[in-house]
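Heads up, the thing below is written out as structure tokens.
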Number of protein chains: 2
Amino acid sequence: MDPMSSDEPSQPSPNPIPAAAVARLSLYLRELRRLQGAGIEGVSSSQLGGRLGVSSAVVRRDLATLGQLGRRGVGYEIAGLSNRIRAALGADQVWNVALIGTGSLGTALLRYRGFSEQGFRLKAAFDIRPDRIGQSVGGVPVLPLSELEREIKNREITLTILAVPAEAAQETAERLANAGVTGVLNFAPVTLNLRGETCVANVDLASELQQLSFAVVRGLAGS
Amino acid sequence: MDPMSSDEPSQPSPNPIPAAAVARLSLYLRELRRLQGAGIEGVSSSQLGGRLGVSSAVVRRDLATLGQLGRRGVGYEIAGLSNRIRAALGADQVWNVALIGTGSLGTALLRYRGFSEQGFRLKAAFDIRPDRIGQSVGGVPVLPLSELEREIKNREITLTILAVPAEAAQETAERLANAGVTGVLNFAPVTLNLRGETCVANVDLASELQQLSFAVVRGLAGS
DNA sequence: TAGATTGTTAATCGATTAACAATC
DNA sequence: TAGATTGTTAATCGATTAACAATC
């Protein structure tokens, strides 16, 4: 239930991965999957970086934080490298995920294929609207929000995607944290204030578009 | 049509805004709007930062890059500050936006209220599926992708939201760039390679969830 | 005036870049 | 061996923090 607990010996002191590297590691993984799908088995730092707009030095440095994964003069073996990155990101374990709020955005996220491709398992959705409850969206059952705490426990949910209206986000997030959820991916355009150990990541769609318009105005092509 | 052209004298040399500050400015704007809605007219750097998990020093530094906007001993006047941030982000002008790909994600984005609240105008959607074309989603007409170039020009579209399947993303993005679009917000989990002046911003939903799971594994609450 | 808060400086921290010895 | 590419170091760059004089 708690993804931290494991029967393996706890990693002594997991070598720290710079915050800036984490987002890139996820990109590397995506690109490696693509190469693997094309039947390619090895890749160099400059090849991998070139496809992603990242310098080869950054790629090597990022990968070196995970251990000595390459062979000098040769490059990186894709299969092994992928596994190592997955392990570092926690993507080698199963994450049971719930989604809260089945409005248009929530519905789209329930149908989104990308999550399951990364090993995330959407186990349940929650809503307060009676006409939603009992339905199934993208193969995921919609449950009443009143059952949130019980179902989170029963279904061993550790991550949640919050897609409720802005007004309901803080209150709902608090319920999630109290129910023992360890991570919240927040799509509501509000800042969540949660005490304790619950991690929050935010996706603000309007802000993304605003940052793009800034880049356009400033003439920052390629950003 | 080109958002850069204006009858005002071109700003001599727009003081550079650090890349890291841009995302925060967008957050400040969101929070200021909330305060304004509550009838509050002034705010200090520590109040504004406190709500967003940003230190008061960072807030002051970010705002100072836009000019001297506060009054010592008093704080910032919200209305004026909001306007200044909007101008800096390019959010004070009208942006005509098109969305490509009306799958479940594209449909949800067409219905998303947040874009128009920030002044973005969704003018058209495009798809290849005959059953989609001619429909209206969230008040936005769905046009045939074959008409893309012509309609981009006619409707003076400058920004686009790309929500097509991964396989079609690169090709579609090239058409957009050739049609003169200046910015692409890409939701497809692929790296777009575009020559020239077109800005690209990426939102990879699966990667966001993966970064969250990393934060959970590392015990980085509050990230 | 006294208290508060900005704008800005100098010091610290972290990330990127460039270069190259190690080594396949 | 010769060519290629990693892993790592030192140098550069950029962002954050802490502190405080300026000033409302």
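Chain identifiers are assigned alphabetically (A, B, ...) following the order of the sequence lines, protein sequences preceding nucleic acid strands; residue numbering begins at 1 within each chain. Here the structure is a predicted model, which means the values were calculated and not measured.
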Exactly one candidate in B:Ile161, B:Leu162, B:Val184 meets side-chain contact (heavy atoms from CB on, under 4.5 Å) with B:Ile100; the answer is B:Leu162
**Atom CZ of B:Arg121: over 12 foreign heavy atoms under 6.0 Å** = no
**Prompt:** Which part of the nucleic acid, if any, lies within contact of B:Ser56, taking any heavy atom under 4.0 Å across all strands shown: a base, the sugar-phosphate backbone alone, or nothing?
**Reply:** nothing
Here the gap from B:Glu77 atom CD to B:Asn83 atom CG, rounded to the nearest 0.5 Å, amounts to 8.5 Å
Query - Student check: side-chain heavy atoms of A:Leu66 and A:Leu25 closer than 4.5 Å - result: yes
**Asked** Does any non-hydrogen side-chain atom of B:Phe187 lie less than 4.5 Å from one of B:Leu105?
**Response** yes
Please list, for nucleotides 20-24 of chain C, all pairs of protein and nucleotide N/O atoms separated by less than 3.5 Å.
from   : atom 1 : to      : atom 2 : distance (Å)
C:dA22 : N3     : A:Arg72 : NH1    : 3.0
C:dC24 : O4'    : A:Arg72 : O      : 3.1
C:dC24 : O3'    : A:Arg71 : NE     : 3.1
C:dC24 : O3'    : A:Arg71 : NH2    : 2.5

Categorize B:Ser45 for me: base, sugar-phosphate, or nothing, with a 4.0 angstrom heavy-atom threshold over every strand shown.
sugar-phosphate
*For D:dT5, take OP1 and OP2 only and decide whether either is under 4.0 Å from a side-chain N or O of A:Gln47.*
no
Note to self: Using a 4.0 Å heavy-atom cut-off, does A:Leu63 contact any base of the nucleic acid, only the sugar-phosphate backbone, or nothing at all?
What the structure shows: nothing
**Q.** Side-chain donor or acceptor of B:Ser26 paired with backbone N/O of B:Ala23 under 3.5 Å
**A.** no
Check: Is the distance from OP1 or OP2 of C:dG7 to the nearest side-chain N or O of B:Tyr76 less than 4.0 Å?
Finding: yes
- prompt: So do A:Glu208 and B:Leu185 actually touch side chain to side chain, heavy atoms under 4.5 Å?
  reply: yes
Under 3.5 Å between N/O atoms: give me all the protein pairs with nucleotides 14-17 of chain D, atom names plus distance.
from   : atom 1 : to      : atom 2 : distance (Å)
D:dT16 : OP1    : B:Arg24 : NH1    : 2.9
D:dT16 : OP2    : B:Arg24 : NH2    : 3.2
D:dT16 : O4     : B:Arg61 : NH1    : 3.4

When rounded to the nearest 0.5 Å, the distance separating CG of B:Leu148 from CZ of B:Arg175 is 5.0 Å
Is there a side-chain contact between B:Arg30 and A:Asp204, using heavy atoms and a 4.5 Å cut-off?
yes
Separation between OG1 (A:Thr158) and CZ (A:Phe120), nearest 0.5 Å, reads 9.0 Å
Here the distance between atom C1' of C:dT6 and atom CG of B:Leu81, to the nearest Å, is 13 Å
Parsed dot-bracket for DNA chain D after applying the Watson-Crick and G-U rules with both distances under 3.5 Å and | for other-strand partners is ..||||||||||||||||||||||
side-chain contact (heavy atoms from CB on, under 4.5 Å) test vs A:Phe115 passes for just one of A:Val97, A:Leu159, A:Leu109, namely A:Leu109
